[in-house]
Amino acid sequence: MPHAVIAATGLFTPEQSISNEELVAAYNAWAERWNADHALQIAEGDVAALTPSSVEFIEKASGIKSRFVLDKTGILDPARMAPHIAERSNDDLSIMAEMAVKAARQAIEAWGKPVSEIGAVLCAASNMPRPYPALAVEIQQALGIDGFGFDMNVACSSATFGIKTAADFIASGSTRAVLMVNPEVCSAHLNFKDRDSHFIFGDVATAVIVESAETAGPGGWDILGTRLKTVFSNNIRNNFGFLNRWALPTDKAGAPISASKDGPQDDKLFIQQGRKVFKDVVPLVSDMIIDHAADLGIDPTGLKRLWLHQANINMNQMIGRKVLGRDPSEAENVIILDEYANTSSAGSIIAFHLHNDGFASGETGLICSFGAGYSAGTVFVRKRG
């Protein structure tokens, strides 16, 4: 049974970025306007005044200093607070496919083999632009790849679930190489009017080529083992979907009320109970990593590097301490949150793509993701000679 190898990776980064200072200025301008518009209700105690955001609050809560986005103009407009992303013709390549293709082409160039050797395309991401046709098939066509493709969504864990799926295809003999892509337009499902989360996400796309060890050349990374876990939770959720596309919001008694002129209702965007997520996910992921390492005969304290999902610097640091049994160095526990923010499924792959140097043949590391679901995935890798 052939085992799988991570042969190459790619990364597409948007040209525009937003600093914390810019984001805070936009949010505070919007909040000040909202407070003025609701001054009477606030004075009478019917609603609470909105608290300003700050750079210090954001960096302490998350470790984020900036984020890349497809469009900063709409996000920083206090009258809009959402990106301007124009709808494209059905005859044009969709924006998420375009992002994925750019990341994929970088990975294919690094791989150095023709696309005719790729037999499947997996598009694994948090939010797809449409139910069908599958984004993966659009990407497949744009790259001229034969075979098959399909979409999969396990929120922030989508990339590790995609790598395992690709490795399973290779082990079964279904194909010798798989392209797995993670286009994430997180700014489009983020509520920039929510102080507790307006800073969390950025936009990006990553790509991974998983290949059979029987055909892989020198270099790359042996996949030593993959493991997936899901536990249902409402603590991270997004309720937007085709079943509620035309539904009116309801009051507490269940009676329909007029749709907001300001955009989607809050629950049709990203929502989370951050403290509950932290409390639940850190032990779930830490125990999963340690248990999986034990089953593979790997000493987790000897891992050279961790490429964790870039959710929150406090979560990542605590997981790193639990797994390594000590405070990890910056080289051991890669953090790219400061520049990229949370990019959902792409975060661990960005970390791996940018910071996988310095490994000798036989040294091991861990790609790990976790997020809504709850979902978690671990991929232990070993540097090949």
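Sequence positions, counted from 1, serve as the residue numbers for this chain. Worth knowing before you read on, the calculation uses all heavy atoms, side chains too, and leaves out hydrogens, waters and symmetry mates.
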TODO: Could you walk me through whether Q272 and S197 pass side-chain hydrogen bond (donor to acceptor under 3.5 Å, both in side chains), step by step?
DONE: CA-CA 8 Å; Q272 74 166 353; S197 66; over 6 Å; no
TODO: List the steps and the verdict of side chain to side chain contact (heavy atoms under 4.5 Å, CB included) for E330 and I335.
DONE: CA-CA 7 Å; E330 291 182 2; I335 302 293; over 6 Å; no
TODO: For W111 and E211, run side-chain hydrogen bond (donor to acceptor under 3.5 Å, both in side chains): C-alpha distance rounded to whole Å, both residues' side-chain angles, the deciding distance at 0.1 Å, then the answer.
DONE: CA-CA 10 Å; W111 187 40; E211 183 181 14; 2.9 Å; yes
- [ ] Evaluate the side-chain hydrogen bond (donor to acceptor under 3.5 Å, both in side chains) criterion for residues S158 and S345: first the C-alpha distance (whole Å), next the side-chain angles of each, then the deciding distance (0.1 Å), finally the verdict.
- [x] CA-CA 5 Å; S158 296; S345 68; 5.0 Å; no
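Residues C123 and P183 have side chains in contact (heavy-atom distance under 4.5 Å, counting atoms from C-beta outward).
Ionic pairing of R33 and D37 is not present here: no N-O contact between side-chain nitrogen and carboxylate oxygen is shorter than 4.0 angstrom. Between D291 and R227 no salt bridge is recorded (no basic side-chain N to carboxylate O distance below 4.0 Å).
For K383, the NZ atom is densely surrounded, since the number of other residues' heavy atoms within 6.0 Å is greater than 12. At most 12 non-hydrogen atoms from other residues, nucleotides or ligands lie less than 6.0 angstrom from NZ of K229. For NZ of K322, the number of neighbouring non-hydrogen atoms (other residues, nucleotides, ligands) closer than 6.0 Å is 12 at most. Within a 6.0 Å radius of CG in D146, other residues, nucleotides and ligands contribute 12 heavy atoms or fewer. Heavy-atom contacts from other residues, nucleotides or ligands closer than 6.0 Å to CD of E98 number more than 12. Around atom CZ of R384, more than 12 heavy atoms belonging to other residues, nucleotides or ligands sit under 6.0 Å away.
No hydrogens or angles considered: a donor-acceptor pair under 3.5 Å links the side chains of S157 and S375. Between the side chains of E138 and S94, at least one donor N or O sits under 3.5 Å from an acceptor N or O. Side-chain contact, H198 with S53: a donor N or O sits under 3.5 Å from an acceptor N or O.
Ring geometry, W221 versus W307: the interplanar angle exceeds 60°, so the pair is classed perpendicular (tilted spans 30 to 60°). Relative ring orientation between Y27 and W30 is described as tilted, the plane-to-plane angle lying within the 30° to 60° band. Between Y340 and F68, the ring-plane angle classifies as tilted under the 30° and 60° cut-offs.
Nearest heavy-atom pair, V204 versus M99, reported as atom, atom and distance to 0.1 Å: O-CE, 3.3 Å. For the residue pair Y374 and V277, the shortest heavy atom distance occurs at OH-CA, 3.7 Å. Between L70 and Q16 the shortest heavy-atom distance is O-NE2, 3.3 Å. Across all their heavy atoms, A159 and I349 have their closest contact at CB-CG1, 3.7 Å. When all heavy atoms of V210 and A167 are compared, the pair lying nearest together is CG1-N, 4.3 Å. Closest non-hydrogen pair, I336 versus I350, comes out as CD1-CG2, 3.9 Å.
Atom-to-atom distance recorded for I367:CD1 and I163:CD1 is 4.5 Å, nearest 0.5 angstrom.
Formation of a donor-acceptor pair under 3.5 Å by the Q140 side chain with backbone atoms of V121 is not found in this model.
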